[in-house]
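Data first, discussion second: the structure below is written as structure tokens.
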Amino acid sequence: MASSTDVLDGGWGWAIVCASFMAQLLAYGSPQSVGVLYPEWLNAFQEGKGMTAWVGSLVSGVGLIASPICSACVDNFGARPVTIFSGVMVSGGLMLSAFAPNVQFLIFSYGIVVGLGCGLVYAATLTITCQYFDKRRGLALGIVTTGTSVGAFIYASAQNELIVMYGLDGCLLIIGAIALNLMACAGFMRPLNMPGYYLKQKAALERNTEEQLFEKPPLDDLTITAGSTSTPPDKSLMVKEMLITIDTKDSAVQTEKKKGSFLAGLAIIKVIKKKQQAYSKYMHSMYEIMQDQSMMSFCISIFLFSLGAFPPVLFIEDVAMSQGLMEEVCVIPLVSIGAIASCAGKLLLGMLVDIKWINGIFLYAFTMFAGGLTLFLIPLTKSYLGLQILSFILGFFSGNWSLTSYITTKIVGLDKLTQAHGILMFFGGFGIMLGPPVGGSLTGRSHMTWRSTSVGAVWSWER
């Protein structure tokens with residue numbers, strides 16, 4: 001295998017980018033356009049907005065909260081196996097949701113199962129992309145993360161049409177079947193560096209002594225002889241000698257087994273101790289990252305921005321309907337407009353951050369400020385066209401998610417990227433998970449207003 005320095009910023013790396021792009025599109029298409037499904041679930045199950053909002057918030061938040069675990073899985077097993085497993089989770093969760101009898105079941109099948117699968121895809125695609133790119137890392141990450149926005153744009157309209165043609169259950173079954181193509185995307189994710197799990201397996205195979213400890217000792221053929229005399233012995237004597245011979249050999253075999261079992265137990269204890277040491281080292285590394293003031297400031301900013309910027313994705317369609325701003329379902333929903341704007345934002349911001357004289361952290365801070373300012377204008381909008389424009393602007397600045405891996409790498413370095421990114425996504429996921437349910441729990445089916453802060457939006461509801 002070629003050294004990592006020979007394959008960076010080109011070659012097979014672009015195949016990785018394409019595969020990662022498609023993986024994020026297939027995994028996040030439905031969760032990112034969950035605003036289209038939200039009104040359907042409200043009508044189907046007749047539950048409150050607060051309870052139903054948990055489905056959309058969990059599918060986006062659980063995967064991010066579990067990012068430290070997802071990152072550890074990618075570190076140990078590699079991007080390819082993790083993506084294959086995530087394909088099973090995402091597809092299975094979507095198909096299970098088609099048979100959901102109530103919102104509580106949806107919270108598990110769609111919110112938790114699909115959410116965890118998406119978290120695994122996100123960690124795997126960003127990690128392997130960062131490994132294959134250095135100078136063009138910002139552009140590569142921008143292209144990969146646009147997969148979620150393109151998926152949301154396509155799936156928002158597609159789910160509307162599928163619901164009309166096949167109903168809500170048929171829509172979820174078809175979307176779940178399409179998600180199985182994640183396994184095909186995983187085939188392109190050739191590891192640049194061998195994952196930790198395979199390195200341990202290779203080292204174990206090279207230790208012949210440890211291999212022999214776990215092998216069963218070979219059983220010698222039992223050769224039974226009656227004696228060396230030429231005359232045939234008595235039958236009773238022959239049987240007696242056979243029993244003595246077999247008993248002696250069995251005793252020897254049992255002794256060898258006991259010794260082998262004892263040594264195998266010692267080897268297992270050594271392996272457990274090594275695992276504990278590796279776990280302690282991993283936790284110590286996480287602690288060091290959390291001691292970094294720059295990293296923790298970044299985590300808090302992600303939390304506040306996620307708390308306020310995600311609820312429009314879930315509620316914007318329901319808001320337009322409840323305020324009478326649109327009489328029927330549009331061909332291009334507001335969710336799709338925000339998604340395609342986010343796609344453009346991720347690409348443009350990814351390209352800008354690669355420019356030497358542009359500071360990535362300042363660029364990210366500007367996008368957060370502009371996004372918060374846009375949220376101030378939403379309550380003042382009295383037309384559907386105004387909501388479309390603001391959805392586009394907010395979606396564009398929400399594309400700053402493509403900068404998170406780039407900035408994290410600048411703060412902690414590439415060696416600690418997976419652990420640091422896991423911590424960062426935990427804070428972001430926690431904000432996403434809290435935003436919609438808190439807002440939804442304060443309302444029935446009535447008028448909604450927003451109160452925005454300079455960092456994120458605090459949502460309130462007026463009866």
Side-chain angles (χ1 to χ4, degrees), residues 15-34 56 58-97 109-132 140-155 175-192 195 339 342-343 346 401-402 404-405 408 417-418 421-422 424-426 428-429 432-433:
I16 297 292
V17 169
C18 293
S20 299
F21 171 87
M22 285 303 302
Q24 291 207 9
L25 185 151
L26 293 168
Y28 280 93
S30 182
Q32 288 292 313
S33 58
V34 71
L58 282 175
V59 74
S60 299
V62 164
L64 297 178
I65 289 176
S67 287
I69 299 174
C70 297
S71 299
C73 290
V74 175
D75 271 344
N76 282 276
F77 302 104
R80 181 182 289 169
V82 169
T83 305
I84 292 174
F85 181 72
S86 67
V88 177
M89 292 190 69
V90 173
S91 177
L94 289 170
M95 291 183 178
L96 277 176
S97 300
S109 61
Y110 196 96
I112 297 177
V113 176
V114 177
L116 286 174
C118 291
L120 289 171
V121 171
Y122 196 77
T125 52
L126 293 191
T127 299
I128 196 168
T129 302
C130 287
Q131 289 175 352
Y132 268 86
L141 289 171
I143 295 173
V144 169
T145 53
T146 54
T148 61
S149 303
V150 174
F153 175 77
I154 295 173
Y155 275 60
I175 296 300
I178 294 174
L180 285 171
N181 288 288
L182 279 166
M183 298 182 184
C185 297
F188 291 90
M189 296 181 183
R190 186 175 66 195
L192 182 60
S342 178
C343 174
K346 288 174 181 177
W401 278 94
S402 65
T404 55
S405 296
T408 305
L417 172 63
T418 52
H421 190 267
L424 185 69
M425 292 300 102
F426 173 84
I432 287 174
M433 190 176 70

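As the structure is a prediction and not an experimental result, all values here were calculated from the model.
- Here the shortest heavy-atom pairing between Val62 and Ile112 reads CG1-O, 4.2 Å.
- Shown here are the ring pair (Phe, Tyr, Trp, His ring centres under 6.0 Å) partners of Phe153, two or more places apart in sequence or in another chain: there are none.
- Scanning for side-chain contact (heavy atoms from CB on, under 4.5 Å) contacts around Thr127 gives Val74, Gln131, Thr418, with sequence neighbours left out.
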Stepwise, does the side chain to side chain contact (heavy atoms under 4.5 Å, CB included) test hold for Leu126 with Thr145?
-> CA-CA 8 Å; Leu126 293 191; Thr145 53; 3.9 Å; yes
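- Partners of Ile178 according to the side-chain contact (heavy atoms from CB on, under 4.5 Å) rule, which considers only residues two or more places apart in sequence or in another chain, are Leu26, Tyr155, Ile174, Asn181.
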Pairs of donor and acceptor atoms involving the side chains of residues 86-93, under 3.5 Å and at least two apart or interchain, shall be tabulated with distances.
unit_1	atom_1	unit_2	atom_2	d
Ser86	OG	Val82	O	3.4
Ser86	OG	Thr83	O	2.6
Ser91	OG	Gly176	O	2.7

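- Atoms CG and CD1, on Leu58 and Ile432 in that order, are 11.5 Å from each other to the nearest 0.5 Å.
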Distance-only donor-acceptor pairs under 3.5 Å for side chains of residues 115-122, two or more places apart:
none

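- With a 6.0 Å radius and a threshold of 12 heavy atoms from other residues, nucleotides or ligands, Phe21 has its CZ atom above the threshold.
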Only distances under 3.5 Å count here; give the side-chain donor-acceptor pairs of residues 182-189 to other protein atoms, sequence neighbours excluded, each with its distance to 0.1 Å.
none

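- Closest approach of Leu25 and Gly151 over heavy atoms only: CG-CA, 3.6 Å.
- A donor-acceptor contact shorter than 3.5 Å is absent between the side chain of Ser20 and the backbone of Val17.
- Between Val114 and Pro31 the shortest heavy-atom distance is CG1-CG, 4.0 Å.
- Minimum interatomic distance between Ser30 and Ile175 (heavy atoms only, all atoms of both residues): CB-CG2, 4.0 Å.
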